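Sharing a structure with you now.
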Amino acid sequence: MNAIDKFIKKAMGLIDKYHVDSKYIIFEITENTYIHNVEAVNRMIQTFHQRGIHISMDDFDSGYSSLNTLKEIIFD
């Protein structure tokens, strides 16, 4: 199991354990994290979206970004 899958499992486990309403959860993903593993991060975002969890991007344009990057990202 890779790091993203472990994070998804851990996050979902905590959400379920503490009965947190997903509408109150927003995860921030840094641009650097996204750029280094686009497919895995998009898969993670899709999983969270299925549960009603929102995703935002932090630190956009702090390094590798371009406007072309925005069209590939499925964050909220």
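Note: hydrogens, waters and symmetry copies are ignored here, and every other heavy atom, side chains too, is used. Given the structure is predicted, the values throughout are model-derived calculations rather than measurements.
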Please identify each residue that fulfils side chain to side chain contact (heavy atoms under 4.5 Å, CB included) with Tyr24, with sequence neighbours left out.
Asp21
Look up atom CD1 in Ile8 and atom CD in Gln46, then write down how far apart they are to the nearest 0.5 Å.
10.0 Å
Any chance you could measure His19, atom NE2, to Leu14, atom CG, to the nearest 0.5 Å?
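Answer for the NE2-CG pair, His19 versus Leu14, is 12.0 Å.
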Please say yes or no: joined through hydrophobic side-chain contacts below 4.5 Å, possibly via intermediate residues, are Ile26 and Ile29 part of one cluster?
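No; Ile29 is not reachable from Ile26 via cluster members.
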Exercise answer: donor-acceptor pairs, residues 47-56 side-chain atoms, under 3.5 Å, sequence neighbours excluded:
unit_1, atom_1, unit_2, atom_2, d
Thr47, OG1, Arg43, O, 3.0
His49, NE2, Asp76, OD1, 3.2
His49, NE2, Asp76, OD2, 3.0
Arg51, NH2, Asp16, OD1, 2.5
His54, ND1, Asp76, OD2, 3.3

